[in-house]
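Only one structure is covered here, and it is reproduced in the block below.
It should be emphasised that the depicted structure is a prediction, and the values quoted were computed from it without experimental measurement.
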Amino acid sequence: MLLKHQRIKAILEQFDRSDLIEYEKRTLLRDLRAQVASLWETDELRRSKPSPLKEARSGLAVVENVLWRAVPSFLRKLDDVLVNETGYSLPLDIAPIKISSWMGGDRDGNPNVTPEITFEVSMMSRWSAATLFKADIEKLRSELSLKPASKELLAISENSREPYRSVLKQIESSLQDTIDWTSAKLKNQSTEGLKPLLKTSDLMAPLKIIHSSLLETNNQDLANGLLTDIIRRVAAFGLTLLPLDIRQESTRHSEALDAITRYLGIGSYLQWDEITRRNWLSTELSSKRPLLPKKILDDGGKSIGFSYNVIDTLKTFEMISILGDESLGAYVISQCQQASDILAVALLQQEYSVSSPLRVVPLFETLDDLERSANTIEALFSIPTYTGRINNKQEIMVGYSDSAKDAGRLAASWAQYNAQEAMINVAKKYNIDITFFHGKGGTVGRGGNPAIYNAILAHPPNTINGRFRVTEQGEMITQNFGQDAIAERTFDLFTAGVLVERFSKRPFLKQEWRDMMVSLSTISCQAYRQIVREEPRFVPYFRKATPEMELAGLNVGSRPSKRNPKGGVESLRAIPWVFAWTQTRFNLPTWLGVGEALSVEYKNNPKILLDMYNEWPWFQTLIDLLEMILVKSEVKIAENYDKQLVHDNESITLGQELRTKLQVTSQAVLQVSGNPGLQSNNYLLLRSLAVRNPYVDPLNIIQAELLRRLRSNEEAVENKLSEEELNVLQDALLITINGIANGMRNSG
């Protein structure tokens, strides 16, 4: 599909030429019709959930078909701007942009991601990298037919008459060996006789020698052409293309260590308190003695009676040690609650002799986790055994989705702000550089912000410092990186935001602003939880008024939609929670609780709120984002879902109450922003909605009707739909879900 869209884009760009003759116009029109027909007749619906391997292949496809060109093109432009503005060139082998993935590495609540899957995805990534680089080197070899060369190049070419081609031929041969080696690994075949390139430096070194030789022989144009692009690709992608991050829940590591301590006869790790755990972990980290005998997992762990989960966790670390350098990046610990959770991963890496240990990254995601985060890392950084092995650098992931689902958008946003400030202060005390990894989704309810530049500038002062790591998920990947020009524009925005933030003076945060945010957070959190957690009518209403129950059929990801299949809203993952409300255009998770908080405080302290909006970029961005979501929300559309799907009086009444809350929230937000209407100063958005809504509105009407028919059929005792009729309705429902998601543009 990505290639089809690119072909259509290329045809439309050709149509813009003013010198086309009639024959060329007719040819382009025929080509365009053919591509549109191909798209129209393509069945885009997944009939089954994608496997982690398919997800990983989709990520690799974006690199192969877009980013492989877009990254060096962007770096060429960045270099040009630097030279013109500062007189300094971008270092040739430095990549300001690095791209990683956890498709195939994220096992948090996903039993489909096994050690074998992670190994296979890593090998696939290396195969793709070698294949892409080999094609580049072949092009470069045909270009560099010249003879003049530096002494260094002549030496490694063994004084060949065509030194450049000779060296490039050697590189080609090594890359082919790499392709054959990864293929053999994937098929579990012998790799004897193959000499693959495994370290990026082994590919970078001869290319830099060629570049230096071209400069030395006054062939600057050749040096700065395709060769420079290849070197920058090597710097940006390496030989792994997309290094994998691993993610796993903290409880899985605790369970594994509990099995080990019981095996060793020293007690139950799970029953120890936090201090006891830290002391034992610190002692073992200082010891070179292994905890378990080697090859104990060769029989699948049967001889020691470990559970499936424990064996899977230990085999994951065994796999990490096998993959070696550069294949993997960070090890993210979800549901991280205490310092021992981080020490546990460090110890398990040591146990399996990981030669270049992965960065151990705690993920703080719920409101409680965020509020405890500074104390957690204070305890961690006070342990010399740990700080002695991190080279004064620590990465910390901030979760936006679960905290917003837990406490509501406003309270979560303030908790994230406070937590980052507090953790930075702790890090300064211990002289440790923090890089925050922002786990954001596409929706505002999951931390997303379509205004990338403003979003970066709105982060707390001194928390970016020239380093910004962020997730791109779901349809936001194709939206921001699906076309070369769009990908380059996205890189422009990220780079501009990080640079401006680094050198801009940030406003002083007044104490009265902090006090106001504490009050707003408290009120909004209470109002949000009163509905979502305490209101007995809410869960039945949510399941009737939205397509939440049907979303599992969309097959958009390999993870189950719930951590606990039998649980309620609390067990529902943040993505389907937000996605369900986005489908009905009600967007409840983003605004619920905000209206109550702003209404109370505007009545009591209007001047403070207005000062905050006018002088504090973070607060202004928060309010503007709420306005953007509110203007996208459609009360009449949401009301129609209730009319079609909600029949009991209690749920009908709750729906009416929630729609009233939406209107109150809109009025409260407008009081603070001072706008006469929602987003009245955002002409582009309003124009976009005016174009989109006439297409999206009918999809919502059709979706509500389809849900009514499908649910009526489930309840019917007689005259049930035939299997063929049922399949047609289910396909139509999935098409509306896809269409509404694309129309809303930030639903993932």
Side-chain angles (χ1 to χ4, degrees), residues 1-8 33-51 54-55 58 61 441-443 473-479 482 543-559 561 575-587 632-634 636-638 640-645 688-689 691-714 720-748:
M1 300 303 292
L2 197 63
L3 290 174
K4 284 179 170 58
H5 285 113
Q6 287 179 350
R7 291 182 196 121
I8 290 173
R33 284 174 174 160
Q35 292 299 326
V36 171
S38 177
L39 269 178
W40 184 255
E41 297 294 341
T42 298
D43 185 356
E44 293 187 60
L45 299 179
R46 288 195 176 113
R47 304 298 165 181
S48 60
K49 272 192 170 293
S51 68
K54 286 186 177 178
E55 286 183 319
S58 70
T443 55
Q473 302 180 47
E475 84 287 351
M476 301 307 294
I477 295 175
T478 50
Q479 183 175 309
R543 290 189 167 149
K544 292 170 189 169
T546 74
E548 183 260 329
M549 301 298 288
E550 290 79 7
L551 285 177
L554 190 57
N555 296 320
V556 294
S558 65
R559 286 205 305 181
S561 62
I575 294 175
W577 161 247
V578 174
F579 194 87
W581 290 108
T582 306
Q583 284 288 302
T584 66
R585 313 272 287 281
F586 202 36
N587 299 307
K632 286 186 173 184
S633 302
E634 295 287 345
K636 290 294 183 184
I637 294 291
N640 182 62
Y641 279 84
D642 282 16
K643 287 179 180 178
Q644 297 290 339
L645 306 171
S688 177
L689 291 175
V691 172
R692 276 188 271 155
N693 284 355
Y695 295 93
V696 182
D697 292 351
L699 290 175
N700 284 110
I701 304 301
I702 294 168
Q703 184 182 92
E705 174 63 18
L706 289 166
L707 288 168
R708 185 190 67 77
R709 293 189 190 185
L710 287 165
R711 292 177 184 179
S712 297
N713 184 65
E714 284 182 11
K720 280 183 171 287
L721 296 171
S722 68
E723 185 175 348
E724 183 180 355
E725 290 172 323
L726 192 61
N727 287 338
V728 169
L729 290 183
Q730 288 172 336
D731 281 0
L733 175 64
L734 297 182
I735 288 170
T736 64
I737 289 173
N738 282 332
I740 294 166
N742 284 315
M744 294 298 286
R745 288 186 63 81
N746 52 352
S747 57

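- Separation of atoms CG (Leu729) and CG (Asp731) is listed at 9.5 Å; rounding is to 0.5 Å.
- Using a 4.5 Å heavy-atom threshold, the side chains of Thr546 and Trp581 count as touching.
- Side chains of Gln730 and Leu733 form no contact here, defined as non-hydrogen atoms less than 4.5 Å apart.
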Evaluation steps, side-chain contact (heavy atoms from CB on, under 4.5 Å), between Leu710 and Leu726: CA-CA 8 Å; Leu710 287 165; Leu726 192 61; 3.6 Å; yes
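- Side-chain contact check for Pro547 versus Thr584: some heavy-atom pair is nearer than 4.5 Å.
- For Arg708, the salt bridge (charged side-chain N to carboxylate O under 4.0 Å, His left out) criterion is met by Glu705, not counting sequence neighbours.
- Among all heavy-atom pairs drawn from Glu725 and Ser722, the shortest one is OE1-N, 2.9 Å.
- Residues passing the side chain to side chain contact (heavy atoms under 4.5 Å, CB included) test with Ile701, sequence neighbours excluded: Ile637, Asn640.
- In Lys720, the NZ atom is crowded: over 12 heavy atoms of neighbouring residues, nucleotides or ligands sit closer than 6.0 Å.
- By the side chain to side chain contact (heavy atoms under 4.5 Å, CB included) test, Leu39 pairs with Met1, Lys4, His5, Ile8, sequence neighbours left out.
- Gly743 and Arg692 make their closest contact through O-NH1, 2.5 Å (heavy atoms, listed as atom of the first residue, atom of the second, distance).
- Residues satisfying the side chain to side chain contact (heavy atoms under 4.5 Å, CB included) test with Asn693, not counting sequence neighbours, are Arg585, Glu634, Leu689, Asp697.
- Under the side chain to side chain contact (heavy atoms under 4.5 Å, CB included) criterion, Ser633 pairs with Asn587, Ile629, Leu662, not counting sequence neighbours.
- Remark: the backbone N or O of Gln583 is paired with a side-chain donor or acceptor of Asn700 at under 3.5 angstrom.
- For the residue pair Leu645 and Ala704, the shortest heavy atom distance occurs at CD2-O, 3.8 Å.
- Asn713 contributes no side-chain N or O that, together with a main-chain N or O of Arg709, makes up a donor-acceptor pair within less than 3.5 Å.
- One distance of note links NZ of Lys632 with OG of Ser688; it measures 7.5 Å at 0.5 Å rounding.
- Taking the salt bridge (charged side-chain N to carboxylate O under 4.0 Å, His left out) definition, one finds that Arg33 meets it with nothing, sequence neighbours left out.
- Of the inter-residue distances, the one linking Leu707 atom CG with Lys544 atom NZ reads 14.5 Å to the nearest 0.5 angstrom.
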